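Read the structure below first, then the notes.
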There are 2 protein chains.
Amino acid sequence: MFSIGKLSHRTGVKIPTIRYYEKIGLMDEPGRNFGNQRRYTQAELERLSFIKHARDLGLSIASISDLIRLHEHPDHSCAAAHTIAEAHLENTRRKLKKLRKLEKELKRIISHAHGDRINDCTIIQTLTDHRLCSSEH
Amino acid sequence: MFSIGKLSHRTGVKIPTIRYYEKIGLMDEPGRNFGNQRRYTQAELERLSFIKHARDLGLSIASISDLIRLHEHPDHSCAAAHTIAEAHLENTRRKLKKLRKLEKELKRIISHAHGDRINDCTIIQTLTDHRLCSSEH
DNA sequence: ATAAAACCTCTAGCTACTAGAGCTTCAAGG
DNA sequence: CCTTGAAGCTCTAGTAGCTAGAGGTTTTAT
């Protein structure tokens with residue numbers, strides 16, 4: 001049995017976050033001791049690790065919720081889990097693509113590659129006038 | 001003079017968002033016509049374009065607010081604008097780095113590269129047990 | 001016995017919007 | 001001039017995923 005503090009320490013999930021997960025139903029309500037403090041089982045620790053791990057990988061709470069539901073069905077469909085993960089990978093790739101573009105554009109703006117003089121504050125100029133941008137974004 | 005609808009159309013910023021920007025002070029309160037409807041000037045259109053562009057590049061409202069303040073000071077410091085942009089580029093790069101790691105890890109989990117059998121639902125397994133991960137994340 | 005650390009609940013705040021209700025004003029056609 | 005539909009108005013509440021703070025109780029260690 002773990003106190004919420006121990007659980008937090010073991011998983012790296014902050015205490016208020018654990019209580020928040022409980023509130024939104026991502027974690028089940030744990031048992032309580034005589035003083036009304038939460039006591040967690042090993043299974044609950046594992047559940048929280050799962051959540052933490054998935055969050056670290058960028059999955060939304062909704063997706064994690066789905067995964068947990070799949071996990072709890074003894075005849076759970078791996079294909080469905082696969083689909084969720086693939087969708088998230090796709091999502092991650094889209095974000096990557098966008099970020100790469102942004103990085104490029106920011107780099108260009110900062111290095112005032114398109115200007116002649118140094119001190120015209122090309123940063124503000126470029127931001128004001130979209131036509132000064134090299135590419136769509 | 002532009003109505004809020006025209007402004008929205010020209011900049012690509014949604015009407016409720018424009019009103020939101022006004023509420024938080026990012027856009028100044030515009031003039032009104034006799035029927036109490038907002039009328040925007042060319043300068044206000046440019047301001048909104050600036051904001052839109054900066055948001056598209058991923059800058060936070062707070063940073064944009066800072067940039068606008070710099071912009072409004074006639075003796076504005078380009079160095080300060082540079083600093084804000086650089087900080088944001090740094091930020092973007094950090095995110096990129098993290099996303100790249102996530103993508104790699106997701107790909108690995110999905111292709112169950114580490115498992116032998118196909119149908120153990122390695123996705124859920126791996127998520128439950130961090131030790132099955134290849135790298136830190 | 002006492003003091004500090006850990007726990008409890010509850011509310012409100014954060015970012016950056018978005019949606020909806022219920023109302024008023026504007027612009028164009030008849 | 002009147003009507004009708006589009007566009008505008010304000011206000012509140014909701015979204016994701018937490019985080020912070022107030023004000024109280026329980027546990028733990030000395």
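Letters A, B, ... are given to chains in the order of the sequence lines, protein chains preceding strands, and every chain is numbered from 1. Owing to the predicted nature of the structure, the values given are computational and were not obtained by experimental measurement. What's counted below: heavy atoms across the whole structure, side chains too, no hydrogens, waters or symmetry copies.
- Here the side chain of A/Thr11 pairs no donor or acceptor atom with the backbone of A/Ser49 at under 3.5 angstrom.
- Open room surrounds CZ on B/Arg10; 12 or fewer heavy atoms of other groups in view lie less than 6.0 Å from it.
- Electrostatic pairing of A/Glu72 and A/Arg47 counts as a salt bridge here, judged by a charged N lying under 4.0 Å from a carboxylate O.
- Annotation: the span from A/Met27 atom CE to A/Tyr40 atom OH amounts to 6.0 Å, rounded to 0.5 Å.
- When the salt bridge (charged side-chain N to carboxylate O under 4.0 Å, His left out) test is applied to A/Arg93, the partners found at least two apart in sequence or on another chain are B/Glu103.
- With the nearest nucleotide of DNA chain C identified for both B/Gln37 and B/Ile61, B/Ile61 has the one nearer the 5' end.
- The 5' end of DNA chain D is approached more closely, in terms of each residue's nearest nucleotide, by B/Ser3 than by the other of B/Ser3 and A/Arg39.
- Of the two residues contacting DNA chain D, namely A/Ala62 and A/Asn33, the nearest-nucleotide position lying further toward the 5' end is that of A/Ala62.
- Remark: B/Gln42 pairs with B/Glu46 by the side-chain hydrogen bond (donor to acceptor under 3.5 Å, both in side chains) rule, at least two apart or across chains.
- Nucleotides of DNA chain C lying under 4.0 Å from heavy atoms of chain B occupy a range whose first and last members, 5' to 3', are C/dA16 to C/dC26.
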Could you tabulate the donor-acceptor pairs under 3.5 Å formed by side-chain atoms of residues 61-69 of chain A, not counting sequence neighbours?
unit_1, atom_1, unit_2, atom_2, d
A/Ser63, OG, A/Ser60, OG, 3.1
A/Ser65, OG, A/Arg69, NH2, 3.3
A/Asp66, OD1, A/Arg69, NH1, 3.4

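- Contacts between residues 84-100 of chain B and DNA chain C, counted as heavy-atom distances below 4.0 Å, involve no residue at all.
- The distance from atom CG of B/Leu48 to atom NE2 of B/His53, rounded to the nearest 0.5 Å, is 13.0 Å.
- Base engagement by B/Arg19 is indicated by at least one non-hydrogen atom pair under 4.0 Å involving a base atom.
- The minimum heavy-atom distance between A/Gly58 and B/Leu102, with the atom names listed, is N-CD1, 4.3 Å.
- Bracketed by its first and final contacts, the part of DNA chain D lying under 4.0 Å from non-hydrogen atoms of chain B reaches from D/dG8 to D/dT10 in 5' to 3' order.
- Among the heavy atoms of the strands lying under 4.0 Å from B/Ile15 are primed sugar atoms or P, OP1, OP2 only; no base atom is included.
- Not one N or O on the side chain of A/Arg19 forms a donor-acceptor pair closer than 3.5 Å with the backbone of A/Lys23.
- Heavy atoms of A/Ile24 sit nowhere under 4.0 angstrom from any nucleic acid atom.
- Between B/Asp28 and B/Glu22, the shortest heavy-atom distance links the atoms O-CG, 4.3 Å.
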